[in-house]
Amino acid sequence: MHPAPSIILFTTLSGLGFGLLVWLGVDPTPPTGWVAFAFYAIAYALALAGLAASSFHLGRRDRALKAFRQWRTSWLSREAWLAVLALGVSGLYALGLLFGLALQPLGWLGAALSLATVGATAMIYAQLRTVPRWHHWSTPALFLALSLSGGALLSGRVLIASVLLLLSAALQFWVWYDGDRRFARSGTTLASATGLGERGTPRALFPPHTGSNYLLDEMVYVVARRHALKLRAIALVLMTLLPLLLLQLPLPHFFGFLALLSHAAGVLTARWLFFAEAEHVVGLYYGKR
Amino acid sequence: MTALPDRTERRLGLVIDLDTCVGCHACVVACKGWNDQGYGAPLSDQDPQGGAPQGTFLNRVHSYEVVPERGPAQHVHFPKSCLHCEDAPCVTVCPTGASYKRVEDGIVLVEEDACIGCGLCAWACPYGARELDLAAGVMKKCTLCVDRIYNEALPEEDRVPACVRTCPAEARHFGDLSDPESEVSQLVAARGGIDLMPEQGTRPVNKYLPPRARDGWGEETDVLAPFLAPVAEEPQGFLGWLDRTLGRL
(Lines give C-alpha, C1' and ligand atoms only; values in the text may rest on other atoms or scores of the structure.)
Protein backbone atom coordinates (compact mmCIF):
# COMPACT_ATOMS: atom_id res chain seq x y z
CA MET A 1 0.00 0.00 0.00
CA HIS A 2 1.07 3.58 -0.63
CA PRO A 3 2.78 4.91 2.52
CA ALA A 4 1.15 8.35 2.58
CA PRO A 5 3.09 10.67 4.93
CA SER A 6 -0.21 12.06 6.28
CA ILE A 7 -1.34 8.62 7.46
CA ILE A 8 2.05 7.64 8.87
CA LEU A 9 2.22 10.88 10.85
CA PHE A 10 -1.38 10.50 11.96
CA THR A 11 -1.05 6.96 13.32
CA THR A 12 2.29 7.72 15.01
CA LEU A 13 1.42 11.07 16.62
CA SER A 14 -2.12 10.23 17.67
CA GLY A 15 -0.86 6.87 18.99
CA LEU A 16 1.60 8.71 21.26
CA GLY A 17 -0.96 11.36 22.28
CA PHE A 18 -3.75 8.95 23.16
CA GLY A 19 -1.22 6.63 24.83
CA LEU A 20 -0.23 9.49 27.14
CA LEU A 21 -3.90 10.23 27.83
CA VAL A 22 -4.38 6.61 28.92
CA TRP A 23 -1.60 6.79 31.52
CA LEU A 24 -2.67 10.23 32.74
CA GLY A 25 -6.23 8.96 33.12
CA VAL A 26 -5.36 5.88 35.19
CA ASP A 27 -2.72 7.58 37.37
CA PRO A 28 -3.85 7.08 41.03
CA THR A 29 -1.82 10.15 42.07
CA PRO A 30 -2.32 12.42 39.08
CA PRO A 31 -0.36 15.64 38.58
CA THR A 32 -2.25 18.80 39.34
CA GLY A 33 -1.97 22.48 38.54
CA TRP A 34 0.63 23.56 35.97
CA VAL A 35 2.27 20.13 35.81
CA ALA A 36 -1.08 18.64 34.77
CA PHE A 37 -1.48 21.47 32.26
CA ALA A 38 1.92 20.68 30.70
CA PHE A 39 1.21 16.93 30.43
CA TYR A 40 -2.23 17.43 28.93
CA ALA A 41 -0.96 20.12 26.55
CA ILE A 42 1.58 17.61 25.17
CA ALA A 43 -1.04 14.87 24.85
CA TYR A 44 -3.51 17.17 23.10
CA ALA A 45 -0.86 18.63 20.78
CA LEU A 46 0.16 15.13 19.66
CA ALA A 47 -3.38 13.78 19.26
CA LEU A 48 -4.68 16.87 17.47
CA ALA A 49 -1.63 17.15 15.21
CA GLY A 50 -2.21 13.52 14.25
CA LEU A 51 -5.89 14.07 13.53
CA ALA A 52 -5.09 17.19 11.49
CA ALA A 53 -2.49 15.25 9.48
CA SER A 54 -5.06 12.54 8.72
CA SER A 55 -7.34 15.03 6.99
CA PHE A 56 -4.59 15.76 4.44
CA HIS A 57 -5.12 12.51 2.62
CA LEU A 58 -8.78 13.22 1.92
CA GLY A 59 -9.84 14.04 -1.62
CA ARG A 60 -12.43 16.48 -0.28
CA ARG A 61 -11.30 17.90 3.07
CA ASP A 62 -14.21 20.36 3.06
CA ARG A 63 -16.56 17.45 3.73
CA ALA A 64 -14.47 15.82 6.50
CA LEU A 65 -17.20 16.24 9.13
CA LYS A 66 -19.45 13.83 7.22
CA ALA A 67 -17.10 11.08 8.47
CA PHE A 68 -19.06 11.05 11.75
CA ARG A 69 -22.20 9.70 10.10
CA GLN A 70 -21.75 5.93 9.82
CA TRP A 71 -20.44 4.78 13.20
CA ARG A 72 -22.75 1.73 13.06
CA THR A 73 -20.73 0.05 10.32
CA SER A 74 -17.54 1.99 9.65
CA TRP A 75 -14.39 1.81 11.79
CA LEU A 76 -13.22 5.11 10.35
CA SER A 77 -16.38 6.76 11.60
CA ARG A 78 -16.10 5.04 15.00
CA GLU A 79 -12.53 6.28 15.26
CA ALA A 80 -13.68 9.85 14.62
CA TRP A 81 -16.34 9.59 17.36
CA LEU A 82 -14.04 7.88 19.86
CA ALA A 83 -11.31 10.48 19.29
CA VAL A 84 -13.71 13.34 19.99
CA LEU A 85 -15.19 11.58 23.05
CA ALA A 86 -11.73 10.66 24.40
CA LEU A 87 -10.47 14.22 24.01
CA GLY A 88 -13.67 15.63 25.49
CA VAL A 89 -13.82 13.39 28.57
CA SER A 90 -10.05 13.64 29.20
CA GLY A 91 -10.37 17.41 28.82
CA LEU A 92 -13.00 17.57 31.55
CA TYR A 93 -10.83 15.44 33.82
CA ALA A 94 -7.82 17.68 33.07
CA LEU A 95 -9.85 20.76 33.85
CA GLY A 96 -10.53 19.33 37.32
CA LEU A 97 -6.83 18.54 37.82
CA LEU A 98 -5.85 22.11 37.01
CA PHE A 99 -7.81 23.17 40.07
CA GLY A 100 -6.58 20.27 42.20
CA LEU A 101 -9.74 18.19 41.80
CA ALA A 102 -9.21 14.56 40.67
CA LEU A 103 -12.48 13.07 39.42
CA GLN A 104 -10.96 9.60 39.14
CA PRO A 105 -13.87 7.78 37.34
CA LEU A 106 -13.78 10.49 34.66
CA GLY A 107 -10.06 9.79 34.26
CA TRP A 108 -10.69 6.08 33.85
CA LEU A 109 -13.40 6.72 31.26
CA GLY A 110 -11.07 9.03 29.33
CA ALA A 111 -8.34 6.38 29.43
CA ALA A 112 -10.71 3.70 28.17
CA LEU A 113 -11.92 5.94 25.35
CA SER A 114 -8.33 6.83 24.39
CA LEU A 115 -7.44 3.17 24.26
CA ALA A 116 -10.55 2.48 22.17
CA THR A 117 -9.55 5.26 19.75
CA VAL A 118 -6.19 3.63 19.06
CA GLY A 119 -7.97 0.29 18.72
CA ALA A 120 -10.41 1.77 16.19
CA THR A 121 -7.54 3.23 14.16
CA ALA A 122 -5.93 -0.20 13.99
CA MET A 123 -9.27 -1.84 13.08
CA ILE A 124 -9.50 0.36 9.97
CA TYR A 125 -6.56 -1.66 8.69
CA ALA A 126 -7.24 -4.98 10.41
CA GLN A 127 -10.76 -5.20 8.93
CA LEU A 128 -9.42 -5.26 5.34
CA ARG A 129 -9.48 -8.81 4.08
CA THR A 130 -7.97 -7.47 0.87
CA VAL A 131 -4.67 -6.85 2.67
CA PRO A 132 -3.84 -10.22 4.29
CA ARG A 133 -0.83 -8.80 6.20
CA TRP A 134 -3.19 -6.48 8.11
CA HIS A 135 -6.23 -8.73 8.43
CA HIS A 136 -5.17 -10.20 11.76
CA TRP A 137 -5.70 -9.64 15.52
CA SER A 138 -2.05 -8.72 15.86
CA THR A 139 -2.62 -5.41 14.05
CA PRO A 140 -4.69 -3.82 16.85
CA ALA A 141 -2.50 -5.60 19.44
CA LEU A 142 0.66 -3.99 18.08
CA PHE A 143 -0.95 -0.56 17.66
CA LEU A 144 -2.13 -0.69 21.28
CA ALA A 145 1.20 -1.98 22.62
CA LEU A 146 3.14 0.77 20.85
CA SER A 147 0.69 3.45 21.90
CA LEU A 148 0.91 2.35 25.54
CA SER A 149 4.72 2.15 25.35
CA GLY A 150 4.96 5.65 23.90
CA GLY A 151 2.50 6.97 26.47
CA ALA A 152 4.46 5.40 29.32
CA LEU A 153 7.67 6.96 27.98
CA LEU A 154 6.01 10.35 27.69
CA SER A 155 4.62 10.18 31.22
CA GLY A 156 7.99 9.07 32.65
CA ARG A 157 7.02 5.58 33.83
CA VAL A 158 10.37 3.86 33.56
CA LEU A 159 9.50 0.35 34.73
CA ILE A 160 6.17 0.11 32.85
CA ALA A 161 7.76 1.60 29.72
CA SER A 162 10.61 -0.92 29.88
CA VAL A 163 8.25 -3.88 30.15
CA LEU A 164 5.98 -2.57 27.37
CA LEU A 165 8.94 -1.83 25.07
CA LEU A 166 10.14 -5.41 25.49
CA LEU A 167 6.65 -6.72 24.78
CA SER A 168 6.31 -4.47 21.73
CA ALA A 169 9.67 -5.63 20.39
CA ALA A 170 8.67 -9.28 20.67
CA LEU A 171 5.25 -8.63 19.14
CA GLN A 172 6.68 -6.54 16.27
CA PHE A 173 9.29 -9.20 15.53
CA TRP A 174 6.64 -11.89 15.34
CA VAL A 175 4.29 -9.69 13.28
CA TRP A 176 7.00 -9.30 10.63
CA TYR A 177 7.81 -13.00 10.70
CA ASP A 178 4.18 -14.13 10.50
CA GLY A 179 3.09 -11.24 8.28
CA ASP A 180 5.40 -12.39 5.50
CA ARG A 181 3.39 -15.63 5.33
CA ARG A 182 -0.14 -14.25 5.52
CA PHE A 183 -0.62 -13.48 1.83
CA ALA A 184 0.14 -17.08 0.91
CA ARG A 185 -2.13 -18.31 3.73
CA SER A 186 -5.03 -16.15 2.54
CA GLY A 187 -5.48 -18.45 -0.44
CA THR A 188 -6.02 -15.60 -2.88
CA THR A 189 -3.99 -16.14 -6.02
CA LEU A 190 -4.18 -15.09 -9.66
CA ALA A 191 -5.93 -18.44 -10.20
CA SER A 192 -8.76 -17.55 -7.79
CA ALA A 193 -8.79 -13.92 -8.96
CA THR A 194 -9.41 -14.89 -12.57
CA GLY A 195 -11.09 -18.27 -12.09
CA LEU A 196 -8.70 -19.62 -14.73
CA GLY A 197 -6.82 -21.97 -12.38
CA GLU A 198 -8.63 -25.13 -13.42
CA ARG A 199 -7.16 -25.31 -16.88
CA GLY A 200 -3.58 -24.44 -16.06
CA THR A 201 -1.32 -21.83 -14.53
CA PRO A 202 -2.48 -18.27 -15.29
CA ARG A 203 0.07 -15.53 -15.79
CA ALA A 204 -0.42 -11.83 -16.50
CA LEU A 205 0.48 -11.43 -20.16
CA PHE A 206 0.17 -7.69 -20.60
CA PRO A 207 -1.45 -4.89 -18.59
CA PRO A 208 -4.74 -3.20 -19.52
CA HIS A 209 -3.00 0.12 -20.16
CA THR A 210 0.50 1.40 -20.75
CA GLY A 211 0.57 4.04 -18.01
CA SER A 212 0.00 3.77 -14.29
CA ASN A 213 -3.36 4.28 -12.56
CA TYR A 214 -4.86 5.09 -9.18
CA LEU A 215 -4.96 1.42 -8.18
CA LEU A 216 -1.29 0.84 -8.90
CA ASP A 217 -0.24 4.08 -7.21
CA GLU A 218 -2.38 3.36 -4.16
CA MET A 219 -2.26 -0.41 -3.63
CA VAL A 220 0.90 -1.65 -5.34
CA TYR A 221 3.81 0.10 -3.69
CA VAL A 222 7.08 -1.61 -4.48
CA VAL A 223 9.72 1.13 -4.32
CA ALA A 224 12.26 0.58 -1.52
CA ARG A 225 10.78 -2.73 -0.43
CA ARG A 226 14.24 -4.07 -1.27
CA HIS A 227 15.54 -2.24 1.82
CA ALA A 228 12.82 -3.74 4.00
CA LEU A 229 15.12 -5.97 6.05
CA LYS A 230 17.50 -3.12 6.90
CA LEU A 231 14.57 -0.86 7.72
CA ARG A 232 13.07 -3.52 9.98
CA ALA A 233 16.31 -3.72 11.92
CA ILE A 234 16.53 0.07 12.19
CA ALA A 235 12.89 0.31 13.30
CA LEU A 236 13.25 -2.40 15.93
CA VAL A 237 16.41 -0.85 17.41
CA LEU A 238 15.14 2.73 17.43
CA MET A 239 11.61 1.87 18.49
CA THR A 240 12.31 -0.57 21.33
CA LEU A 241 15.89 -1.66 22.06
CA LEU A 242 17.64 1.72 22.21
CA PRO A 243 14.92 3.37 24.37
CA LEU A 244 14.98 0.31 26.62
CA LEU A 245 18.73 0.79 27.12
CA LEU A 246 18.47 4.56 27.60
CA LEU A 247 15.79 4.11 30.26
CA GLN A 248 18.16 2.13 32.45
CA LEU A 249 20.69 5.01 32.58
CA PRO A 250 20.77 7.70 35.28
CA LEU A 251 19.55 11.26 34.56
CA PRO A 252 16.00 10.08 33.71
CA HIS A 253 14.92 13.43 32.30
CA PHE A 254 17.74 13.68 29.81
CA PHE A 255 18.01 10.04 28.76
CA GLY A 256 14.26 9.62 29.01
CA PHE A 257 13.82 12.37 26.47
CA LEU A 258 16.36 10.73 24.17
CA ALA A 259 14.51 7.43 24.61
CA LEU A 260 11.29 9.15 23.60
CA LEU A 261 12.83 10.68 20.45
CA SER A 262 14.36 7.36 19.48
CA HIS A 263 11.06 5.58 20.07
CA ALA A 264 9.10 8.09 17.97
CA ALA A 265 11.59 7.83 15.10
CA GLY A 266 11.41 4.03 15.31
CA VAL A 267 7.60 4.01 15.25
CA LEU A 268 7.63 6.30 12.20
CA THR A 269 9.95 3.85 10.43
CA ALA A 270 7.85 0.86 11.46
CA ARG A 271 4.66 2.60 10.29
CA TRP A 272 6.27 3.41 6.98
CA LEU A 273 7.01 -0.30 6.61
CA PHE A 274 3.50 -1.18 7.81
CA PHE A 275 2.11 0.51 4.71
CA ALA A 276 4.93 -0.03 2.22
CA GLU A 277 5.13 -3.77 2.89
CA ALA A 278 1.40 -4.43 2.83
CA GLU A 279 0.33 -6.18 -0.36
CA HIS A 280 -3.23 -5.70 -1.65
CA VAL A 281 -4.78 -8.62 -3.51
CA VAL A 282 -5.62 -6.37 -6.49
CA GLY A 283 -1.90 -6.44 -7.38
CA LEU A 284 -2.47 -10.03 -8.56
CA TYR A 285 -4.53 -8.79 -11.51
CA TYR A 286 -1.54 -6.73 -12.62
CA GLY A 287 0.98 -9.51 -12.07
CA LYS A 288 2.47 -7.49 -9.22
CA ARG A 289 2.60 -7.61 -5.46
CA MET B 1 -26.79 4.19 5.39
CA THR B 2 -23.75 2.09 4.70
CA ALA B 3 -25.26 -1.02 6.22
CA LEU B 4 -25.94 -3.52 3.47
CA PRO B 5 -29.56 -4.42 2.76
CA ASP B 6 -30.59 -7.90 3.99
CA ARG B 7 -31.76 -8.72 0.50
CA THR B 8 -32.34 -6.86 -2.72
CA GLU B 9 -35.47 -7.14 -4.85
CA ARG B 10 -33.42 -7.83 -7.96
CA ARG B 11 -29.75 -8.53 -8.65
CA LEU B 12 -28.85 -6.63 -11.78
CA GLY B 13 -25.41 -7.40 -13.10
CA LEU B 14 -23.19 -8.46 -15.95
CA VAL B 15 -22.20 -11.84 -17.28
CA ILE B 16 -18.88 -11.70 -19.10
CA ASP B 17 -17.93 -14.39 -21.56
CA LEU B 18 -14.18 -14.97 -21.45
CA ASP B 19 -14.55 -17.36 -24.38
CA THR B 20 -15.72 -14.73 -26.83
CA CYS B 21 -14.02 -11.57 -25.56
CA VAL B 22 -11.53 -10.54 -28.24
CA GLY B 23 -9.81 -7.89 -26.12
CA CYS B 24 -10.70 -4.95 -28.36
CA HIS B 25 -11.22 -2.56 -25.42
CA ALA B 26 -14.36 -1.13 -27.05
CA CYS B 27 -16.17 -1.53 -23.69
CA VAL B 28 -13.44 0.51 -21.99
CA VAL B 29 -13.86 3.33 -24.48
CA ALA B 30 -17.66 3.20 -24.43
CA CYS B 31 -17.67 3.27 -20.60
CA LYS B 32 -15.27 6.19 -20.44
CA GLY B 33 -17.27 8.02 -23.11
CA TRP B 34 -20.64 7.58 -21.46
CA ASN B 35 -19.41 8.39 -17.96
CA ASP B 36 -17.74 11.58 -19.13
CA GLN B 37 -21.02 13.32 -19.64
CA GLY B 38 -23.85 12.06 -17.48
CA TYR B 39 -23.86 10.64 -13.98
CA GLY B 40 -21.71 12.47 -11.39
CA ALA B 41 -18.27 13.96 -11.85
CA PRO B 42 -16.81 13.22 -15.30
CA LEU B 43 -13.98 10.67 -15.42
CA SER B 44 -10.86 12.79 -15.61
CA ASP B 45 -7.45 12.24 -17.16
CA GLN B 46 -4.17 13.50 -15.83
CA ASP B 47 -1.45 14.55 -18.28
CA PRO B 48 -3.40 12.98 -21.18
CA GLN B 49 -1.10 14.31 -23.92
CA GLY B 50 2.09 14.17 -21.86
CA GLY B 51 4.73 11.63 -21.04
CA ALA B 52 2.93 9.83 -18.19
CA PRO B 53 -0.76 9.88 -19.00
CA GLN B 54 -3.25 8.29 -16.63
CA GLY B 55 -6.90 8.61 -15.86
CA THR B 56 -9.96 7.23 -14.16
CA PHE B 57 -11.61 4.22 -15.76
CA LEU B 58 -14.48 2.11 -14.45
CA ASN B 59 -13.70 -0.82 -16.68
CA ARG B 60 -10.33 -2.20 -17.72
CA VAL B 61 -9.41 -5.19 -19.88
CA HIS B 62 -6.55 -7.34 -18.62
CA SER B 63 -4.92 -10.13 -20.61
CA TYR B 64 -3.74 -13.41 -19.20
CA GLU B 65 -2.05 -16.50 -20.51
CA VAL B 66 -3.04 -19.87 -19.09
CA VAL B 67 -0.40 -22.56 -19.38
CA PRO B 68 -1.80 -26.08 -19.03
CA GLU B 69 0.27 -29.10 -18.00
CA ARG B 70 0.42 -30.21 -21.63
CA GLY B 71 -0.33 -28.35 -24.80
CA PRO B 72 -0.17 -24.75 -25.86
CA ALA B 73 -0.91 -21.75 -23.66
CA GLN B 74 -4.32 -20.15 -23.99
CA HIS B 75 -4.67 -16.40 -24.21
CA VAL B 76 -7.63 -14.93 -22.27
CA HIS B 77 -8.84 -11.34 -22.39
CA PHE B 78 -10.32 -10.36 -19.09
CA PRO B 79 -12.59 -7.29 -18.73
CA LYS B 80 -12.99 -6.22 -15.11
CA SER B 81 -15.39 -3.71 -13.58
CA CYS B 82 -17.46 -3.52 -10.38
CA LEU B 83 -19.09 -6.87 -9.59
CA HIS B 84 -21.90 -5.28 -7.50
CA CYS B 85 -21.24 -7.75 -4.67
CA GLU B 86 -24.00 -8.85 -2.32
CA ASP B 87 -21.58 -8.59 0.62
CA ALA B 88 -19.86 -5.51 -0.73
CA PRO B 89 -16.98 -4.68 1.66
CA CYS B 90 -16.63 -1.25 0.02
CA VAL B 91 -20.05 -0.22 1.33
CA THR B 92 -19.70 -1.03 5.01
CA VAL B 93 -16.30 0.66 5.45
CA CYS B 94 -17.59 4.02 4.18
CA PRO B 95 -17.60 6.56 7.06
CA THR B 96 -20.04 8.99 5.45
CA GLY B 97 -22.74 6.83 3.91
CA ALA B 98 -21.75 7.93 0.41
CA SER B 99 -21.33 4.28 -0.59
CA TYR B 100 -24.53 2.30 -0.72
CA LYS B 101 -26.23 -0.71 -2.25
CA ARG B 102 -29.69 -0.19 -3.69
CA VAL B 103 -32.50 -2.37 -2.35
CA GLU B 104 -34.52 -2.29 -5.58
CA ASP B 105 -31.86 -3.65 -7.97
CA GLY B 106 -28.68 -4.33 -5.96
CA ILE B 107 -26.58 -1.73 -7.79
CA VAL B 108 -23.68 -0.39 -5.69
CA LEU B 109 -23.41 3.38 -6.07
CA VAL B 110 -21.53 6.38 -4.65
CA GLU B 111 -23.40 9.51 -3.66
CA GLU B 112 -20.63 11.83 -4.76
CA ASP B 113 -21.83 14.87 -2.80
CA ALA B 114 -21.26 12.92 0.44
CA CYS B 115 -17.89 11.40 -0.54
CA ILE B 116 -14.86 12.79 1.34
CA GLY B 117 -12.38 10.92 -0.87
CA CYS B 118 -10.73 8.96 1.96
CA GLY B 119 -10.16 6.01 -0.36
CA LEU B 120 -10.98 3.36 2.22
CA CYS B 121 -13.62 1.73 -0.03
CA ALA B 122 -11.01 1.30 -2.76
CA TRP B 123 -8.75 -0.39 -0.22
CA ALA B 124 -11.60 -2.68 0.82
CA CYS B 125 -12.42 -3.81 -2.72
CA PRO B 126 -10.41 -6.89 -3.74
CA TYR B 127 -11.12 -6.36 -7.45
CA GLY B 128 -9.77 -2.86 -7.93
CA ALA B 129 -13.20 -1.74 -9.09
CA ARG B 130 -13.07 1.69 -7.48
CA GLU B 131 -10.82 4.53 -8.52
CA LEU B 132 -10.53 7.92 -6.86
CA ASP B 133 -10.92 10.63 -9.48
CA LEU B 134 -7.88 12.82 -9.00
CA ALA B 135 -9.58 15.90 -10.44
CA ALA B 136 -12.87 15.68 -8.52
CA GLY B 137 -11.43 14.11 -5.35
CA VAL B 138 -14.33 11.68 -5.10
CA MET B 139 -14.60 7.93 -5.61
CA LYS B 140 -15.79 6.68 -8.99
CA LYS B 141 -17.12 3.23 -9.81
CA CYS B 142 -19.28 1.38 -12.31
CA THR B 143 -22.91 2.49 -11.95
CA LEU B 144 -24.14 -0.31 -14.21
CA CYS B 145 -25.13 2.73 -16.34
CA VAL B 146 -28.00 3.46 -14.00
CA ASP B 147 -28.67 6.55 -16.14
CA ARG B 148 -29.19 4.37 -19.24
CA ILE B 149 -30.96 1.23 -18.09
CA TYR B 150 -34.05 3.06 -16.74
CA ASN B 151 -33.88 5.95 -19.23
CA GLU B 152 -37.10 6.04 -21.22
CA ALA B 153 -35.74 8.84 -23.40
CA LEU B 154 -33.47 6.24 -24.99
CA PRO B 155 -34.60 3.67 -27.58
CA GLU B 156 -35.25 0.35 -25.88
CA GLU B 157 -32.18 -1.39 -27.33
CA ASP B 158 -29.98 1.28 -25.74
CA ARG B 159 -31.31 0.69 -22.21
CA VAL B 160 -28.35 -1.50 -21.27
CA PRO B 161 -24.94 -0.50 -19.92
CA ALA B 162 -22.75 1.24 -22.50
CA CYS B 163 -20.16 -1.56 -22.39
CA VAL B 164 -22.79 -4.20 -23.17
CA ARG B 165 -24.32 -2.12 -25.96
CA THR B 166 -20.98 -1.59 -27.68
CA CYS B 167 -19.38 -5.04 -27.37
CA PRO B 168 -18.88 -6.26 -30.96
CA ALA B 169 -18.28 -9.86 -29.86
CA GLU B 170 -21.36 -9.96 -27.62
CA ALA B 171 -19.14 -11.09 -24.80
CA ARG B 172 -21.00 -8.93 -22.28
CA HIS B 173 -24.53 -9.68 -21.12
CA PHE B 174 -26.74 -7.64 -18.82
CA GLY B 175 -29.73 -8.82 -16.80
CA ASP B 176 -31.31 -9.84 -13.51
CA LEU B 177 -29.30 -12.63 -11.91
CA SER B 178 -31.88 -13.15 -9.16
CA ASP B 179 -34.36 -14.47 -11.75
CA PRO B 180 -33.43 -18.06 -12.67
CA GLU B 181 -35.41 -17.71 -15.92
CA SER B 182 -33.51 -14.65 -17.13
CA GLU B 183 -31.21 -14.95 -20.11
CA VAL B 184 -28.13 -14.19 -18.01
CA SER B 185 -29.03 -16.78 -15.36
CA GLN B 186 -29.55 -19.37 -18.10
CA LEU B 187 -26.15 -18.53 -19.55
CA VAL B 188 -24.48 -18.88 -16.15
CA ALA B 189 -26.17 -22.26 -15.62
CA ALA B 190 -25.31 -23.55 -19.09
CA ARG B 191 -21.70 -22.44 -19.13
CA GLY B 192 -20.76 -22.89 -15.47
CA GLY B 193 -20.35 -19.21 -14.63
CA ILE B 194 -17.98 -18.49 -11.76
CA ASP B 195 -17.31 -15.90 -9.04
CA LEU B 196 -13.99 -14.07 -8.85
CA MET B 197 -12.06 -14.55 -5.57
CA PRO B 198 -14.83 -16.51 -3.83
CA GLU B 199 -12.56 -16.85 -0.76
CA GLN B 200 -12.90 -13.10 -0.14
CA GLY B 201 -16.55 -13.71 0.79
CA THR B 202 -17.92 -10.82 -1.26
CA ARG B 203 -20.56 -12.86 -3.16
CA PRO B 204 -20.26 -10.98 -6.45
CA VAL B 205 -23.37 -10.62 -8.61
CA ASN B 206 -21.40 -10.42 -11.88
CA LYS B 207 -20.37 -13.81 -13.22
CA TYR B 208 -17.62 -14.86 -15.59
CA LEU B 209 -18.04 -17.62 -18.16
CA PRO B 210 -14.78 -19.59 -18.39
CA PRO B 211 -13.18 -20.01 -21.81
CA ARG B 212 -13.97 -23.29 -23.56
CA ALA B 213 -11.09 -25.74 -23.84
CA ARG B 214 -10.36 -25.88 -27.56
CA ASP B 215 -6.71 -25.30 -28.34
CA GLY B 216 -4.43 -28.32 -28.44
CA TRP B 217 -1.75 -30.12 -30.39
CA GLY B 218 -3.81 -32.49 -32.55
CA GLU B 219 -2.71 -35.95 -33.57
CA GLU B 220 -2.33 -34.74 -37.14
CA THR B 221 -1.66 -31.10 -37.82
CA ASP B 222 -1.81 -31.38 -41.63
CA VAL B 223 -2.59 -34.03 -44.26
CA LEU B 224 0.91 -33.56 -45.63
CA ALA B 225 2.53 -34.00 -42.23
CA PRO B 226 3.26 -37.74 -42.67
CA PHE B 227 5.29 -36.96 -45.81
CA LEU B 228 7.46 -34.54 -43.86
CA ALA B 229 8.39 -37.05 -41.19
CA PRO B 230 12.11 -37.96 -41.13
CA VAL B 231 12.74 -41.09 -43.18
CA ALA B 232 16.15 -42.25 -41.94
CA GLU B 233 16.07 -43.56 -38.36
CA GLU B 234 19.86 -44.06 -38.20
CA PRO B 235 22.23 -41.44 -39.65
CA GLN B 236 24.17 -42.63 -42.72
CA GLY B 237 27.38 -41.69 -44.54
CA PHE B 238 29.57 -39.01 -43.04
CA LEU B 239 27.02 -38.16 -40.32
CA GLY B 240 26.76 -41.84 -39.48
CA TRP B 241 30.56 -42.12 -39.17
CA LEU B 242 30.66 -38.96 -37.02
CA ASP B 243 27.88 -40.31 -34.81
CA ARG B 244 29.65 -43.68 -34.32
CA THR B 245 33.07 -42.07 -33.73
CA LEU B 246 31.76 -39.57 -31.21
CA GLY B 247 29.87 -42.35 -29.51
CA ARG B 248 33.12 -44.32 -29.07
CA LEU B 249 34.99 -41.42 -27.43
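Just the heavy atoms: all of them, side chains too, but no hydrogens, waters or symmetry mates, feed the values below. Within every chain, numbering begins at 1; the chains are lettered A, B, ... in the order of the sequence lines, protein sequences first and strands thereafter.
- Taking the centre of each ring, B:His62 and A:Phe206 stay at or above the 6.0 Å mark.
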Just do the side chain to side chain donor-acceptor pair (under 3.5 Å) check on B:Glu199 and A:Thr188 with the steps written out, would you? CA-CA 7 Å; B:Glu199 72 283 355; A:Thr188 299; 2.7 Å; yes
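- With a 4.5 angstrom heavy-atom cutoff, B:Ile194 touches chain A only via side-chain atoms.
- With a 4.5 Å cut-off on non-hydrogen atoms, A:Ala64 touches chain B through its backbone but not through its side chain.
- By number of non-hydrogen pairs under 4.5 angstrom with chain A, the leading residue of B:Ala136, B:Pro210, B:Cys125 is B:Cys125.
- The side-chain heavy atoms of A:Gln70 and B:Thr96, taken from C-beta on, include no pair separated by under 4.5 Å.
- Interface residue B:Val61: only backbone heavy atoms are found under 4.5 Å from chain A.
- Contacts of A:Ser54 with chain B are absent, with no heavy-atom separation under 4.5 Å from either backbone or side chain.
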Side chain to side chain contact (heavy atoms under 4.5 Å, CB included) between B:Val91 and A:Thr73, intermediate numbers included: CA-CA 9 Å; B:Val91 170; A:Thr73 54; over 6 Å; no
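- Looking at B:Ala52, neither its backbone nor its side chain comes within 4.5 Å of chain A, counting heavy atoms on both sides.
- For B:Pro126, the parts sitting under 4.5 Å from any heavy atom of chain A are the backbone and the side chain alike.
- Note: A:Tyr285 and B:Tyr127 have tilted aromatic rings, judged against thresholds of 30 and 60 degrees for the angle between ring planes.
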For A:Thr194 and B:Tyr64: C-alpha separation, side-chain torsions, deciding distance, then whether side chain to side chain contact (heavy atoms under 4.5 Å, CB included) applies. CA-CA 9 Å; A:Thr194 58; B:Tyr64 300 105; 3.7 Å; yes
Report the C-alpha separation of B:Met139 and A:Tyr214 in whole Å, then their side-chain angles, then the decisive distance to 0.1 Å, and conclude whether the side chain to side chain contact (heavy atoms under 4.5 Å, CB included) test is met. CA-CA 11 Å; B:Met139 197 54 71; A:Tyr214 168 75; 3.9 Å; yes
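- For A:Leu65, no part lies near chain B; criterion is any non-hydrogen pair under 4.5 Å.
- Interface residue A:Leu215: only side-chain heavy atoms are found under 4.5 Å from chain B.
- Residues A:Arg199 and B:Pro211 have side chains in contact (heavy-atom distance under 4.5 Å, counting atoms from C-beta outward).
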Stepwise, does the side chain to side chain contact (heavy atoms under 4.5 Å, CB included) test hold for B:Cys118 with A:His57? CA-CA 7 Å; B:Cys118 69; A:His57 92 286; 4.2 Å; yes
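- Of the two parts of A:Gln127, only the side chain, counted from C-beta on, holds a non-hydrogen atom closer than 4.5 Å to a non-hydrogen atom of chain B.
- Residues B:Gln54 and A:Asp217 meet the side-chain proximity criterion, which asks for heavy atoms closer than 4.5 Å.
- Residue A:Trp81 does not touch chain B at all, counting heavy-atom pairs closer than 4.5 Å.
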